[in-house]
2 protein chains.
Amino acid sequence: MLRLSKLTDYAVVVLVRLGQPDAAGDACRDVQTSPCIAAATGIPEPTVAKVLKTLASGGLVGSQRGARGGYRLLRPLDAIPIADVIAAIDGPIALTACVEGSGNGCSTESLCPVRGRWDPVNAAIQDALGAITLADMQEAAIPRAFRIPALPPSGPALRAAE
Amino acid sequence: MLRLSKLTDYAVVVLVRLGQPDAAGDACRDVQTSPCIAAATGIPEPTVAKVLKTLASGGLVGSQRGARGGYRLLRPLDAIPIADVIAAIDGPIALTACVEGSGNGCSTESLCPVRGRWDPVNAAIQDALGAITLADMQEAAIPRAFRIPALPPSGPALRAAE
DNA sequence: CCATTCAGGACTGATAAGGTCCTCTATACC
DNA sequence: GGTATAGAGGACCTTATCAGTCCTGAATGG
Ligand code: SF4
Ligand code: SF4
């Protein structure tokens, strides 16, 4: 049903969470750890760690090792299209086996009358997914109140997007 | 990798083939049988039959039982959007578990900050897939020879350019 | 020196897709 | 009317992929 993998979905959730440093509370400062995000999102910790590791290797988040380490966004949310997240987790978007990028050709490639005709469809999907950024997903994350005014923004308020 | 199921891909191939009665040759007349299409496309016969049965139940193709029976298109190719084929084979398009249509909710639905925000993405995909019809896939189906396979894109008047 | 935290992979179980086959029904032709 | 053909509709199994867990090692801060 054209369903994207659950890991990719989790990645979006985690990234949106990473983009809200004020929502993290005192437990996490400018970098957020895997257990912290796991507790905040309800996703099991090992899965969060796996997703974050994949995202880090994909260049979407930066990591800080050692004590007081964690992950932080390398780009603001509105600069991360969803297509990027999908590509980082699930690999390049390839609807069928005959689009450029996936080496595994199908067995009927020689006779298939629509061989290669999926490319524009693939491009259309990729374009649609590239036009939507994580900021669009975040917009409704804060429904009406900005946040629970539990802690004042006294801490390191926000380090900008870098 | 946002890959649609192979059965859906086969359905598109089969439907495009069904839309070319002249290419079928003498073996198949106005209706085409499963083995005929299977031989023409290279897809195994049982799979073709399965796809065609699913498409028939989905209302995309008409069937004629009995001897000299077969399948035929109920709509011209340019009236069948790809989204229709996907919906007939794989069910409704639902990128994640929290979009409307798929009853299986995810476990983190209560805490997820992007719950419900996938709907516009889903709609964008569906719109993109609804705008492309099978006729667009058929355009380059007959490059210049009728059934010489493995044709390099060296032809002059190809509509590639994607 | 030690606690913390990420890196990276290996491993396993669950799930669903892909593919095959069988039986039954309907139709055309002999 | 009989028979061959061809689809309808499922049951079945086989396999691939994903999701999830865990372990070891390396880096960093205290
Ligand atoms: S060559 Fe044809 S059957 Fe194979 S993946 Fe491409 S469209 Fe599908
Ligand atoms: S509620 Fe959140 S985690 Fe669950 S499917 Fe929707 S976006 Fe994904």
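Chain A is the first sequence line, chain B the second, and so forth, proteins listed ahead of strands; every chain is numbered from 1.
Rounded to an integer number of Å, the gap from Tyr10(B) OH to dA17(C) C1' is 12 Å. Per the geometry, CZ belonging to Arg72(B) stands 14 Å off P belonging to dG7(D), to the nearest Å. Taking atom CG of Leu2(B) as the reference point, atom C1' of dC18(D) lies 15 Å away to the nearest angstrom. Taking atom CG on Leu4(A) and atom P on dT17(D), their separation rounds to 18 Å, with Å as the unit. What separates CG of Asp9(B) from C1' of dG18(C) is a distance of 13 Å, to the nearest Å. Distance, Ile43(A) CD1 to dA19(D) C1': 13 Å, rounded to whole Å. Rounded to whole Å, atom C1' of dA19(D) lies 14 Å from atom CZ of Arg3(A). When the P atom of dA6(D) is taken as reference, atom CD1 of Ile37(B) falls 12 Å away, rounded to whole Å.
For dA6(D), neither phosphate oxygen OP1 nor OP2 lies less than 4.0 angstrom from any side-chain nitrogen or oxygen of Ser63(B). Using a 4.0 Å cut-off, some side-chain N or O of Ser34(A) falls inside it from OP1 or OP2 of dC6(C).
Sequence order on DNA chain C of the closest nucleotides to Lys50(A) and Ala67(A) puts Ala67(A) first from the 5' end. Between Ser5(A) and Ala49(B), the residue whose closest nucleotide on DNA chain D is further toward the 5' end is Ala49(B).
Contact annotation: the side chain of Gln138(B) never approaches that of Leu134(B) to less than 4.5 Å [non-hydrogen atoms, C-beta and beyond]. The side-chain heavy atoms of Leu2(A) and Gln126(B), taken from C-beta on, include no pair separated by under 4.5 Å. In this structure the side chain of Leu18(B) never reaches within 4.5 angstrom of the side chain of Leu77(B), judged on heavy atoms.
In this structure, Leu52(A) reaches neither bases nor backbone, as no heavy-atom distance under 4.0 Å exists between it and the strands shown. Residue contacts shown for Ser57(B) are absent, as no nucleic acid heavy atom lies under 4.0 Å away. Nucleic acid contact class of Lys6(A) (heavy atoms, under 4.0 Å, all strands): sugar-phosphate only.
Remark: Ser5(B) pairs with Thr8(B), Asp90(B) by the side-chain hydrogen bond (donor to acceptor under 3.5 Å, both in side chains) rule, at least two apart or across chains.
Cys98(B) contributes atom SG, which lies 9.5 Å from atom CG of Asn122(B) (distance to the nearest 0.5 angstrom).
Residues Pro81(A) and Ala79(A) share a closest heavy-atom pair of CD-O, 3.4 Å.
Picking from dT25(C), dT21(D), dG18(C) the nucleotide with the shortest atom distance to the side chain of Arg65(B) gives dT25(C). Residue Gln64(A) has its side chain nearest to dT28(D) when only dT21(D), dT28(D), dC29(C) are considered. Closest to the side chain of Lys53(A), out of dA7(C), dA19(D), dA4(D), is dA7(C). Of the candidate nucleotides dG29(D), dA8(D), dG19(C), dA8(D) has the atom lying nearest to any side-chain atom of Ala56(B). Checking dG7(D), dG19(C), dA17(C) against every side-chain atom of Thr33(B), the shortest atom distance belongs to dG7(D). Candidate nucleotides dC6(C), dT20(C), dG20(D) were compared by shortest atom distance to the side chain of Pro44(B), and dT20(C) ranks first.
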